[in-house]
There are 2 protein chains.
Amino acid sequence: MQTEQIKDAITCFPCLAEITEEDWKENGISVVTLPANHIIHEGEFLESAALIMHGTVRMYKLGENGREVTLYRIHDGGCCPLMASSILGETAYEANVCIEKPTKVLFVPARIFQRWMGTYMSFRQFIFKSFAERLIIMSNLIDNMVFKSIRIRICEYLLERTTEGDNSLTITHDHLAIELGTAREVISRTLKAMEKEGLIHLSRGQITNIQREQLLELVE
Amino acid sequence: MQTEQIKDAITCFPCLAEITEEDWKENGISVVTLPANHIIHEGEFLESAALIMHGTVRMYKLGENGREVTLYRIHDGGCCPLMASSILGETAYEANVCIEKPTKVLFVPARIFQRWMGTYMSFRQFIFKSFAERLIIMSNLIDNMVFKSIRIRICEYLLERTTEGDNSLTITHDHLAIELGTAREVISRTLKAMEKEGLIHLSRGQITNIQREQLLELVE
DNA sequence: CGCTGTTCTGTAACTTGATCACATAACAGT
DNA sequence: ACTGTTATGTGATCAAGTTACAGAACAGCG
């Protein structure tokens, strides 16, 4: 690792600030930029922890019929607990990973990762918070899937991805279906119905004229 | 904490073996036996981590219509990551807890828990493994709920809870529905259909004569 | 420009799962 | 035996997932 890279890594992960020069010099630590659309399949083993410096990765599950559910995403400055757990628990991680944008990743070999966890309190706490955060995200996902109608879930998604100023969204029905873990046809039907009610306007690859206030009312 | 209790705790959690006498003497560490059917509601704060020495607790989510989903259970020698995360992340944990049997719990105040995590490697690794394990369990739960039919999920549940020697199970339809996060009526209907096909035999509060081999074939 | 292959959307028919509204049935305690 | 409670069965109806297409919009190219 070069001084330049180390600085860069610390900017992305303040919790790495206290790590000594010697520790950074260890073999196997590296910064790599992965190309977009690269996929890592369920069941592969990892020998390094991955800290996402910049970019987006998506964790998802695949059904045999080809349908998908997005479990969660990791953005700048995050780490992926399911991958880390693969290291700690010595088990294959049980999800697929898709690099959605070109993503700069800091790889830390399992052995070193373990040592840092013991040595550096702020690093340890950071990793813990990541785990905790994902557990909560996943339990809320289960909650949503079990108790809420897709209509409501679509509304929530639209609200999440738009603002007062920009009430339109570039997304295909297929993509939206994958996000919510349902089928494309279900999304098409529901969106169409919502369009008829004047809640949104549809065009190829885009949802525009999203009536955020009305959606907010539906969601409560 | 008395010497007796400490010994007991170490028997349940070998990873606590290296903890020093002084550390055990800290204020606030305690062993408590909680009565069965005690419930801790979503949103409450915890100031201690709970290590389950003996018994069973169930983590679950509640829908406004009264339906439930069981996220997972913690048994002897386990710790509950969602509760621990509440400590580490200083957030309310977002699930309900039900003590299913009288349960002996070792409570360790957040502050001490944090210190032990830093000091004791085997303790730290234990906690980490617990987190990793639950993440995998939850992601598999999502996978099952999204991609598998209830019939298959019922089969899997029955297989999990029975053996070659004991092919019967004491459980109500309502209970089974809660386990799988669906409605009681759905379970009743599906079980009835399975009974007609000779896969099981139903009586009040019991499923007997479970044809494990045939169920195994269905599940693959 | 028109042709062609690809991606995206719309829809009908059907199956499965969830919800609502009850009717029985089995048991527990007095 | 009577009563309240818990557990199960079932029909009707609605929401969601599946199957099976048709057609629209776009991208690239001769």
Side-chain angles (χ1 to χ4, degrees), chain A residues 37 61-70 141-158 168-197 200-209 218, chain B residues 37 61-70 141-158 168-197 200-209 218:
Chain A
N37 298 317
K61 282 278 186 179
L62 213 66
E64 55 268 5
N65 47 2
R67 253 177 68 202
E68 298 185 14
V69 213
T70 298
L141 176 58
I142 292 174
D143 193 274
N144 282 336
M145 294 199 312
V146 175
F147 299 122
K148 291 186 184 166
S149 68
I150 24 149
R151 175 176 270 246
I152 297 299
R153 294 179 63 211
I154 289 175
C155 290
E156 287 177 346
Y157 187 87
L158 295 181
S168 63
L169 193 58
T170 299
I171 193 171
T172 64
H173 299 180
D174 200 56
H175 194 111
L176 189 43
I178 286 170
E179 290 304 309
L180 302 183
T182 180
R184 201 264 313 159
E185 294 85 335
V186 175
I187 297 291
S188 289
R189 257 199 300 270
T190 310
L191 286 179
K192 199 83 223 165
M194 288 171 69
E195 186 179 40
K196 274 178 190 154
E197 295 169 31
I200 54 178
H201 179 259
L202 296 175
S203 56
R204 186 188 169 98
Q206 282 209 319
I207 305 173
T208 51
N209 213 348
L218 282 177
Chain B
N37 298 318
K61 282 277 185 179
L62 213 65
E64 55 268 6
N65 46 2
R67 253 178 68 203
E68 298 186 15
V69 213
T70 298
L141 175 58
I142 292 174
D143 193 275
N144 282 336
M145 293 199 310
V146 175
F147 299 122
K148 292 186 184 164
S149 68
I150 23 149
R151 175 176 269 244
I152 296 299
R153 294 180 61 210
I154 288 175
C155 291
E156 286 177 346
Y157 187 87
L158 295 180
S168 64
L169 193 58
T170 300
I171 193 172
T172 64
H173 299 182
D174 199 57
H175 195 111
L176 189 43
I178 285 171
E179 290 303 308
L180 302 183
T182 182
R184 201 265 312 157
E185 295 87 329
V186 175
I187 297 292
S188 288
R189 259 198 292 272
T190 309
L191 286 177
K192 200 84 225 165
M194 288 172 69
E195 186 179 40
K196 274 180 189 152
E197 295 169 31
I200 54 178
H201 179 258
L202 296 175
S203 57
R204 187 185 168 98
Q206 282 209 319
I207 304 173
T208 49
N209 213 348
L218 281 177

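First the proteins, then the strands, lettered A, B, ... as listed; each starts at 1.
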*Between atom CE in B:M194 and atom P in C:dG17, what is the gap in whole Å?*
12 Å

*Rounded to the nearest Å, what distance is computed from the CZ atom of residue A:R67 to the C1' atom of nucleotide D:dT18?*
9 Å

*Compare side-chain N and O positions of A:T182 against OP1 and OP2 of D:dG17 and report whether any pair is under 4.0 Å apart.*
yes

*asked:* Side chain of B:R189, heavy atoms from C-beta onward: which of C:dT19, C:dG10, D:dT18 has the nearest atom to it?
replied: C:dT19

*Rounded to the Å, how far apart are B:I150 CD1 and D:dT18 C1'?*
16 Å

*Send over the distance from B:I187 CD1 to D:dG9 P, rounded to a whole Å.*
12 Å

*Hey, is the main chain of B:L202 close enough, under 3.5 Å, to the side chain of B:E195 for a donor-acceptor pair?*
yes

*Taking atom C1' of C:dT15 as reference, at what distance in whole Å does atom CZ of B:R151 sit?*
13 Å

*Examine D:dT18: is either OP1 or OP2 under 4.0 Å from a nitrogen or oxygen in the side chain of A:R184? Give yes or no.*
no

*Determine, for B:E197 against B:R151, whether the closest basic-nitrogen to carboxylate-oxygen distance falls under 4.0 angstrom.*
yes

*Report yes if the side chains of B:I200 and B:T208 come closer than 4.5 Å at any heavy-atom pair, otherwise no.*
no

*Could you walk me through whether A:V186 and A:I150 pass the side chain to side chain contact (heavy atoms under 4.5 Å, CB included) test, one step at a time?*
CA-CA 8 Å; A:V186 175; A:I150 24 149; 2.9 Å; yes

*Could you please name the option among D:dA24, D:dG9, C:dA26 that lies closest to any side-chain atom of B:R204?*
C:dA26

*From B:I187 atom CD1 to B:L176 atom CG, the distance as rounded to the nearest 0.5 Å*: 4.5 Å

*Show your working on side chain to side chain contact (heavy atoms under 4.5 Å, CB included) between B:L62 and A:F147 and close with a plain yes or no.*
CA-CA 9 Å; B:L62 213 65; A:F147 299 122; 5.8 Å; no

*Nearest-angstrom distance from the residue atom NZ of A:K148 to P of D:dA16*: 14 Å

*asked:* Nearest 0.5 angstrom please: A:M145 CE to A:R153 CZ, how far?
replied: 6.5 Å

*Kindly state which residues belonging to residues 171-178 of chain A come within less than 4.0 angstrom of DNA chain D, counting heavy atoms of the residue only, listed by number.*
none

*Could you pick out which residue, A:L202 or A:F147, lies toward the 5' side of DNA chain C when each is mapped onto its nearest nucleotide?*
A:L202

*Ignoring the backbone of A:E185, work out which of D:dT19, D:dA7, C:dC8 is nearest its side chain.*
D:dT19

*Does any non-hydrogen side-chain atom of B:L191 lie less than 4.5 Å from one of B:H173?*
yes

*asked:* Rounded to whole Å, how long is the line connecting atom CD1 of B:I207 with atom P of D:dG9?
replied: 10 Å

_Angle between the two end axes of the helix from C:dC1-D:dG30 to C:dT30-D:dA1, five base pairs per end, rounded to 10 degrees?_
20°

*Taking C-beta and beyond as the side chain, do A:H201 and A:Q206 meet within less than 4.5 Å on heavy atoms?*
no

_If I take atom CD in residue B:E68 and atom P in nucleotide C:dA18, what distance separates them, rounded to the nearest angstrom?_
15 Å

